[in-house]
Peer 1: 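Below is one structure. I have some questions about it.
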Amino acid sequence: MAIRLPDGTVREYPQGTTVREVAQDIGGRTALEALVARVNGRLVDLFYRLEEDAEIELLTPATDAGLEVLRHSTAHVMAQAVKRLFPEARLAIGPPIENGFYYDFDLPRALTPEDLERIAAEMRRIISEDYAFSRQEMDREQAIQFFRDRGESYKVEILEELDDPRPSIYQQGEFIDLCRGPHIPSTGRIKAFALRSVAGAYWRGDSHRPMLQRIYGTAFATQEELDRYLELLAEAERRDHRRLGRELDLFSFREEAPGFVFWHPKGYQLYRTLVDFSRELQEPRGYLEVSTPWIYRTTLWETSGHWQHYKDNMFLIDADGDRMGVKPMNCPGHCLLYSQKVHSYRDLPVKFAEYGPLARFEASGTLHGALRVRGMHQDDAHIFLREDQIEEQIREVLELVDAIYSAFGMAYTIKLSTRPDEYMGELETWEKAEAALVRALEAAGREYTVNPKDGAFYGPKLDFDVTDALGRKWQCATVQLDFQFPERFDLYYVDRDGSHKRPVMIHRAIMGTLERFIGILVEHFAGAFPVWLAPVQVRVLPIGSDHVAYAARVRAELANAGVRAELDDRNEKIGYKIREAQVQKVPYMLVVGGKEVEAATVAVRHRRAGDQGSMPLATFIERIRHEIDSRSLD
RNA sequence: GCUGGCGUAGCUCAGUCGGUAGAGCGACGCACUCGUAAUGCGUAGGUCACCGGUUCGAGCCCGGUCGCCAGCUCCA
C-alpha cells in the first residue's frame with residue numbers, strides 16, 4: 001500500500017504496518033517525538049494498523065492536536081492516580097480544554113489542596129512506571145455490563161446514550177476507561193504537568209444533577225513551556241483589576257451593595273474619558289444622546305417581552321401596590337421615545353444613544369469585581385431603520401467597533417449568534433434577520449464564526465471577542481438585529497407613498513458594559529494607562545519647599561492646557577515622591593528644583609523611559625498634548 | 001442559585017491547648033529642606049463579618065445569615 005507523507009513523498013509498506021513502524025522507518029525528530037498521527041484526516045494511536053493507501057501526518061506535542069492528546073492522556077493518568085488513592089471514586093468525564101484538561105469525579109469526601117499534592121505525586125509515579133496505552137473495542141452491551149460491574153454508573157449512563165455500537169476503551173497499567181481516544185504511546189511521554197485547582201461541577205452541566213468534583217490541570221511538551229504558562233497566570237494575578245483598582249484608587253466594592261461599583265475620583269475620570277470618547281465618535285455619525293426612565297411599570301416589561309423572558313434577571317419593586325421593574329436594558333424606553341412622534345422614511349435611521357444606569361439581577365455566584373456586576377452603564381444605542389438600510393447601518397457599526405477597539409490596541413473576532421431555543425416571534429422573521437446579518441458581514445468582508453443558539457430572545461446578534469495583552473478573550477461589543485420590538489411596540493414610519501411601515505431595530509453597544517470594559521482595560525494595560533486615558537497624566541514634584549510656588553504655577557499651566565496634573569507638595573524627599581508616582585503609574589513626573597526655577601524649565605521623567613532631561617514647560621506641554629490628542633498607545 | 005474554601009487594623013498577614021489581640025506597610029503628628037524608586041522618631045487605628053448557641057470564659061468550638069474567592073450554571 002502507498003503511504004503519502006506531508007512533504008509529498010510516497011512510500012510503500014505491506015498491509016497491516018502500524019503507524020509507529022512507519023514513523024520508525026522515516027526516522028528523525030518528528031518521528032521520535034510523535035504522540036499520535038492523523039491518517040486521512042482522522043486522529044489515531046501510533047499502534048494503529050494501516051490497511052490501505054493513506055495520507056499520514058505524525059503529530060508531536062508542538063502541534064495543537066498533539067498537545068490536546070497529550071493533555072487528554074494526562075487526564076487519564078490523573079484519573080488513574082485518583083483511583084489508586086480513592087478506590088471508591090467514580091469517574092465521570094475528563095476532556096482536554098483550552099490550556100489544559102480536567103476530570104470530574106464522584107468522591108466520598110471533598111478534596112483538599114494536600115490531596116492534590118498526593119495525586120500529583122502518584123501521577124509522577126505512574127509516569128515513571130511508563131505504562132503503555134492500549135485500545136480495545138467491545139460491543140456496547142458488553143461495555144455497559146463491564147462498567148456496571150465496576151460500579152462506574154456515570155460511564156454506564158454515557159454508554160446508554162452513545163450511538164456507537166462498538167465503543168472503545170483504553171487501558172494503561174491497571175486503569176481502564178471508556179474513551180474515544182486516541183492516546184499517547186505511554187505514560188512516560190508526559191514531561192511537564194501541573195494540577196491547578198479543585199471545584200464543583202454539575203454532572204452534565206445540569207444544576208439539577210449531582211455535583212461532582214472537578215480537578216483542573218495542565219500539561220505541556222516541556223517544563224519550559226509549562227513554566228511560561230504558569231508565569232502568565234501569575235502575571236494575570238498581578239494584573240487583577242480588583243487589586244489594581246484598589247492600589248490605583250480607581251474603584252472599590254462594599255458588601256452593602258454586592259455587584260455594584262463605587263467609582264473613586266480617579267476611576268470616574270477614566271470612565272468619563274471613555275464616555276467622552278464614545279460621544280466624540282458617535283455624534284458625527286448622527287447619534288442622538290438621550291436619557292430615559294430607569295424604573296417602569298411591569299406593563300411595559302410585558303409589552304417588551306422581558307417579563308416573559310428576562311424576569312429572573314430583573315430587580316422588581318413594589319411601589320405602593322404598583323409592580324415596577326428597574327431597567328436591565330434601554331430598548332423598551334427607546335421604543336417609547338421613538339413612538340413619541342411620527343417619523344418619515346426620510347428621517348431614518350434614528351439613532352438614540354444612552355449611557356445611563358441599568359440593573360440586572362445576576363446570580364450571586366456569578367459576580368466578579370467590575371467584570372460581572374449587577375449595576376452597570378453601557379455605551380448603548382438603538383438604531384431605528386428601514387429594511388433597505390440594514391446592510392449599510394450594520395457596516396457603519398462594524399466600522400465604529402473598529403475605530404473604538406483600535407484606540408486601545410485590541411484585536412477582536414466576530415461571532416454570529418443565532419436563534420436560541422427560547423425565542424420570541426416568528427421563525428421566518430428570525431431567518432430573515434440572520435440572513436441580513438450574514439449579508440452585511442460578507443459585504444463588509446469580515447470573517448466570523450457561528451455561535452449557534454446564543455442569540456438574544458428578540459433577535460440574532462454579532463458578538464465581538466476582544467483579545468487583551470495577555471491573550472485572553474473577552475466579550476464586549478454586541479450588535480443585535482431585531483424585528484420583534486418594532487412589532488410589539490407597534491412602531492412605524494410614514495413611507496414615500498404615505499403608508500405606515502414597520503422599522504427594524506439594531507441594538508448595539510461597543511465597549512459594552514463600561515464597568516466591565518474598564519476592568520478589562522485595567523488588566524490589559526496592567527494599570528499603566530496610555531496618557532490619554534490616565535486619570536492623572538502628570539505629577540509635579542518640587543524638590544524642596546522653596547520650589548512649591550513655582551511647581552504650583554507649572555501645575556496650573558498644565559491644567560490650562562487641558563492636562564490632568566497633580567502637585568505633590570508634601571514635605572518628602574524627591575526619591576520618595578518619585579517612587580510613589582511610579583507605583584501609581586503616573587505617565588509623567590515633572591521634577592522642579594532650583595535649576596528649573598532659575599531657567600523656567602521642567603525636568604521630565606517618564607514612568608517607563610526614566611529621566612528625559614530638562615526642557616521649557618511649553619515644549620513639554622506641546623509634546624504631551626500631541627500624545628493625548630493622537631491617543632498614543634505608548 | 002449550587003459545590004468547596006475563606007472572612008482578625010486601610011492593605012498583607014500572625015495569633016499555640018478556649019483565658020478579653022499583634023507585626024510590617026499605609027495613615028496621622030513632629031523633626032529633617034533634600035536632585036530621579038522608600039529619612040528618622042512618635043501617635044492613632046479592631047463590636048476578630050453579622051446573629052445566636054456551648055462554656056466560668058469564645059477570634060478560636062457549634063448552628064444560621066451576609067459577603068468574598070475558585071469553579072459550575074448563566075452572561076455584557
Peer 1: How far does the P atom of B:A38 sit from the matching atom of B:A44, given to the nearest Å?
Peer 2: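 It comes out at 29 Å once rounded to the nearest Å.
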Peer 1: Mind checking A:Gly512 for me? I need base, sugar-phosphate or nothing, with any heavy atom below 4.0 Å counting as a touch.
Peer 2: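 It contacts nothing in the nucleic acid.
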Peer 1: Taking the P atom of each, how far is B:A23 from B:U73, in whole Å?
Peer 2: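 To the nearest whole Å, 47 Å.
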Peer 1: Which value, in whole Å, describes the distance between the P atoms of nucleotides B:G10 and B:A49?
Peer 2: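 Here B:G10 and B:A49 have their P atoms 13 Å from each other.
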Peer 1: So, OP1 or OP2 of B:A70: does either fall under 4.0 Å of a side-chain N or O from A:His368?
Peer 2: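 Checking B:A70 against A:His368, a side-chain N or O does come within under 4.0 Å of OP1 or OP2.
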Peer 1: Give one of base, sugar-phosphate or nothing for A:Gly610, where a contact means two heavy atoms less than 4.0 Å apart.
Peer 2: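 A:Gly610: no heavy atom of the nucleic acid under 4.0 Å.
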Peer 1: Using a heavy-atom cut-off of 4.0 Å across all strands, would you classify A:Glu572 as base, sugar-phosphate, or nothing?
Peer 2: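 Contact class for A:Glu572: base.
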Peer 1: Just to be sure I understand the rule, does A:Glu515 reach a base, reach only the sugar-phosphate, or reach nothing, if contact means heavy atoms closer than 4.0 Å?
Peer 2: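 If one applies the 4.0 Å heavy-atom cut-off, A:Glu515 turns out to touch nothing in the nucleic acid.
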Peer 1: Say you pick atom P in B:G7 and the same atom in B:G35; how far apart are they, in whole Å?
Peer 2: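 One P to the other, the span is 46 Å.
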Peer 1: Using the P atom in both, what is the distance from B:U36 to B:G46, to the nearest Å?
Peer 2: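 Rounded to whole Å, the distance is 40 Å.
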Peer 1: Indicate whether OP1 or OP2 belonging to B:C68 is found under 4.0 Å from a side-chain N or O atom of A:Arg372.
Peer 2: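 Indeed not, no polar side-chain atom of A:Arg372 lies that close.
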Peer 1: Starting from P on B:U73, measure out to CG on A:Asp312 and report it in whole angstrom.
Peer 2: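 Spelled out: CG on A:Asp312 to P on B:U73 is 18 Å.
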Peer 1: Any side-chain N or O of A:Lys577 below 4.0 angstrom from OP1/OP2 of B:A38?
Peer 2: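 The answer is no; no side-chain N or O of A:Lys577 sits under 4.0 Å from OP1 or OP2.
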Peer 1: Under 4.0 Å, counting only non-hydrogen atoms across every strand here, what does A:Ile543 touch: a base, just sugar-phosphate, or nothing?
Peer 2: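 Base, at least one base atom sits under 4.0 Å.
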Peer 1: What integer number of Å spans the C1' atoms of B:C6 and B:U65?
Peer 2: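 Each nucleotide's C1' atom is 16 Å from the other's.
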Peer 1: Is it the case that A:Arg374 places NZ or CZ above or below the six-membered ring of A:Phe260, under 6.0 angstrom from the centre and within 45 degrees of the axis?
Peer 2: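 Relative to the ring axis of A:Phe260, which defines the angle, A:Arg374 lies outside at least one limit.
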Peer 1: With no hydrogens and no angle check, is any side-chain donor or acceptor of A:Glu515 less than 3.5 Å from a backbone partner on A:Val373?
Peer 2: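 No; judged by distance alone, with no hydrogens or angles, the pair does not exist.
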Peer 1: Give the ring-plane orientation class for A:Tyr310 versus A:Phe457, where under 30° counts as parallel, over 60° as perpendicular and anything between as tilted.
Peer 2: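 Tilted.
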Peer 1: Give A:Ala603 one of three labels, base, sugar-phosphate or nothing, depending on what nucleic acid heavy atoms sit under 4.0 Å from its own.
Peer 2: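 Result for A:Ala603 = base.
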Peer 1: For the ring-ring contact (aromatic ring centres under 6.0 Å, His included) test, which of A:Phe485, A:Phe483, A:Phe352 pairs with A:His507?
Peer 2: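 Considering A:Phe485, A:Phe483, A:Phe352, a ring-ring contact (aromatic ring centres under 6.0 Å, His included) with A:His507 is found only for A:Phe485.
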Peer 1: Using whole Å, report how far OH of A:Tyr405 lies from P of B:A76.
Peer 2: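 Distance, rounded to whole Å: 12 Å.
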Peer 1: Between A:Arg242 and B:C69, does any side-chain N or O lie under 4.0 Å from OP1 or OP2?
Peer 2: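 For B:C69, OP1/OP2 do have a side-chain N/O of A:Arg242 under 4.0 Å.
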Peer 1: Between B:G22 and B:C60, how far apart are the two C1' atoms, rounded to whole Å?
Peer 2: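 Going atom to atom, C1' in each nucleotide, I get 16 Å.
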Peer 1: Classify the nucleic acid contact of A:Gly593 as base, sugar-phosphate or nothing, counting any heavy atom under 4.0 Å across all strands shown.
Peer 2: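 Here A:Gly593 touches the bases of the nucleic acid.
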Peer 1: Is the A:Tyr423 to A:Tyr458 ring centre distance short of 6.0 Å?
Peer 2: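 No, ring centres 6.0 Å or more apart.
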Peer 1: Look at the side-chain N and O atoms of A:Tyr216 and state whether any lies under 4.0 Å from the OP1 or OP2 oxygen of B:C72.
Peer 2: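 True: A:Tyr216 side-chain N/O within range (under 4.0 Å) of B:C72 OP1/OP2.
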Peer 1: Quantified in whole Å, what is the P atom distance between nucleotide B:G53 and nucleotide B:U3?
Peer 2: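 Nearest-Å result for B:G53 against B:U3 at atom P: 27 Å.
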Peer 1: Measure the distance from CD on A:Gln378 to P on B:C75 and round it to the nearest whole Å.
Peer 2: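 For the pair A:Gln378 CD and B:C75 P, the rounded distance is 15 Å.
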Peer 1: What is the distance, rounded to the nearest whole Å, between atom OH of A:Tyr202 and atom C1' of B:C74?
Peer 2: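 Result: 11 Å.
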Peer 1: Testing A:Arg539, A:Lys577, A:Arg555 for salt bridge (Lys or Arg N to Asp or Glu O under 4.0 Å) with A:Glu566, which one passes?
Peer 2: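 Filter result, single survivor: A:Arg539.
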